[in-house]
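Note: hydrogens, waters and symmetry copies are ignored here, and every other heavy atom, side chains too, is used. Throughout, a chain's letter reflects where its sequence line sits, starting with A, and its residues are numbered from 1.
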Protein chains: 2
Amino acid sequence: MTVVQQEISHPTRDELELSAVLHALSDPVRLKIVAALASEAEQPCASFDVPVTKSTCTHHFKVLREAGVIRQRQEGTSRLNTLRRDDLEARFPGLLDSVLHSA
Amino acid sequence: MTVVQQEISHPTRDELELSAVLHALSDPVRLKIVAALASEAEQPCASFDVPVTKSTCTHHFKVLREAGVIRQRQEGTSRLNTLRRDDLEARFPGLLDSVLHSA
DNA sequence: GACGTTGTACGATGATTGCCGTACCTTATC
DNA sequence: GATAAGGTACGGCAATCATCGTACAACGTC
């Protein structure tokens, strides 16, 4: 049976909301994920060293994605994550850098 | 009857936590309060135009104060609020400015 | 002293959050 | 086809959150 690839929805650049981004970044686990993404380009979910289970990880990635902090794309069985640096910089100049620098 | 002035506790500069600050800033009401504080120096709680009741306001000021974003001092019956610009800048350089600029 | 102003304290409530386990889907490999 | 790996979906749970109303405390002013 053929199944249509499930779409992964992301907010567009102009849909990004400051409070949602700040909220996404305010969790220590998510902050660690973002910091890891900042230093290494594209990584699957499993490559992050965080003290939570798989399902909790899925939850955190969803929060980050829906806030527009990261972008996810499917590749085989794994979901590759990237930081949306450009979009964040365009909407909230300097924010990501200051957070990463302080993390 | 003499009553001792209740102390208002604030975290010291080196006790500030990034996730607590980000969380404090991630609420629209609190963000509005912070933005207003950024443009006018010292203001009593009642001077903010936010769509919540007094008791909710007290709650938000407490969150901001305990995260170290603002400092409160008593003056008569009113509580005067100031932004802890210097402390925030020292611990999280550029963060406050980028948030305020995007708000 | 009575009253008005400013703000806190103390519940209460409904929504959201962070976390988990289990079940399942998809893809790749044997 | 069976198995393993990477993730998601769903449901549940305990904790936190944002909000409110009511009561009250501190200070000024009449």
Between CD of A:Glu75 and P of C:dA28 the distance, given in whole Å, is 9 Å
Rounding to a whole Å, what distance do you find between B:Lys62:NZ and C:dG7:P?
17 Å
Under 3.5 Å donor-acceptor, B:Ser98 side chain and B:Gly94 backbone
yes
Counting just side-chain N and O atoms, does A:His60 come under 4.0 Å of either OP1 or OP2 of C:dC19?
yes
Could you list, one pair per line, each protein nitrogen or oxygen that sits under 3.5 Å from a nitrogen or oxygen of nucleotides 21-24 of chain D, together with the distance?
{"unit_1": "D:dG21", "atom_1": "N7", "unit_2": "B:Ser55", "atom_2": "OG", "d": "3.2"}
{"unit_1": "D:dG21", "atom_1": "O6", "unit_2": "B:Ser55", "atom_2": "OG", "d": "3.1"}

Under a 3.5 Å distance rule, please check whether A:His60 uses its side chain to pair with a backbone N or O of A:Thr58 as donor and acceptor.
no
Distance, rounded to the nearest Å, where B:Asp27 contributes CG and C:dA15 contributes C1'
14 Å
Looking at CZ of B:Arg79 and CD1 of B:Ile70, how far apart are the two atoms once the value is rounded to the nearest 0.5 Å?
9.5 Å
What is the distance, to the nearest angstrom, from the CD atom on A:Gln74 to the P atom on C:dA28?
11 Å
Less than 4.0 angstrom from a charged side-chain N to a carboxylate O is my criterion; do A:Glu42 and A:Arg73 meet it?
yes
Roughly how far, to the nearest 0.5 Å, is CZ of B:Arg71 from CG of B:Asp87?
6.0 Å
Among C:dG7, C:dT8, D:dG7, which is the nearest nucleotide to the side chain of B:Thr58?
C:dT8
Return the value, rounded to whole Å, for the distance between atom CD of A:Gln72 and atom P of C:dT26.
17 Å
What is the distance, to the nearest angstrom, from the CZ atom on B:Arg73 to the C1' atom on C:dT6?
15 Å
Taking for each residue the nucleotide of DNA chain C bearing the nearest heavy atom, is the 5' side occupied by A:Gly76 or by A:Pro51?
A:Pro51
In whole angstroms, how far is the C1' atom of D:dA5 from the CZ atom of A:Arg79?
15 Å
Whole angstrom is fine here: how far is it from CD in A:Glu66 over to P in D:dA9?
10 Å
Which of the following nucleotides, D:dT19, C:dT26, C:dT5, is nearest to the side chain of A:Thr77?
C:dT26
Heavy-atom count around A:Gln72 CD within 6.0 Å, excluding the residue itself: above 12?
yes
Mark yes when over 12 heavy atoms from residues, nucleotides or ligands other than A:Asp14 sit less than 6.0 Å from its CG; otherwise mark no.
yes
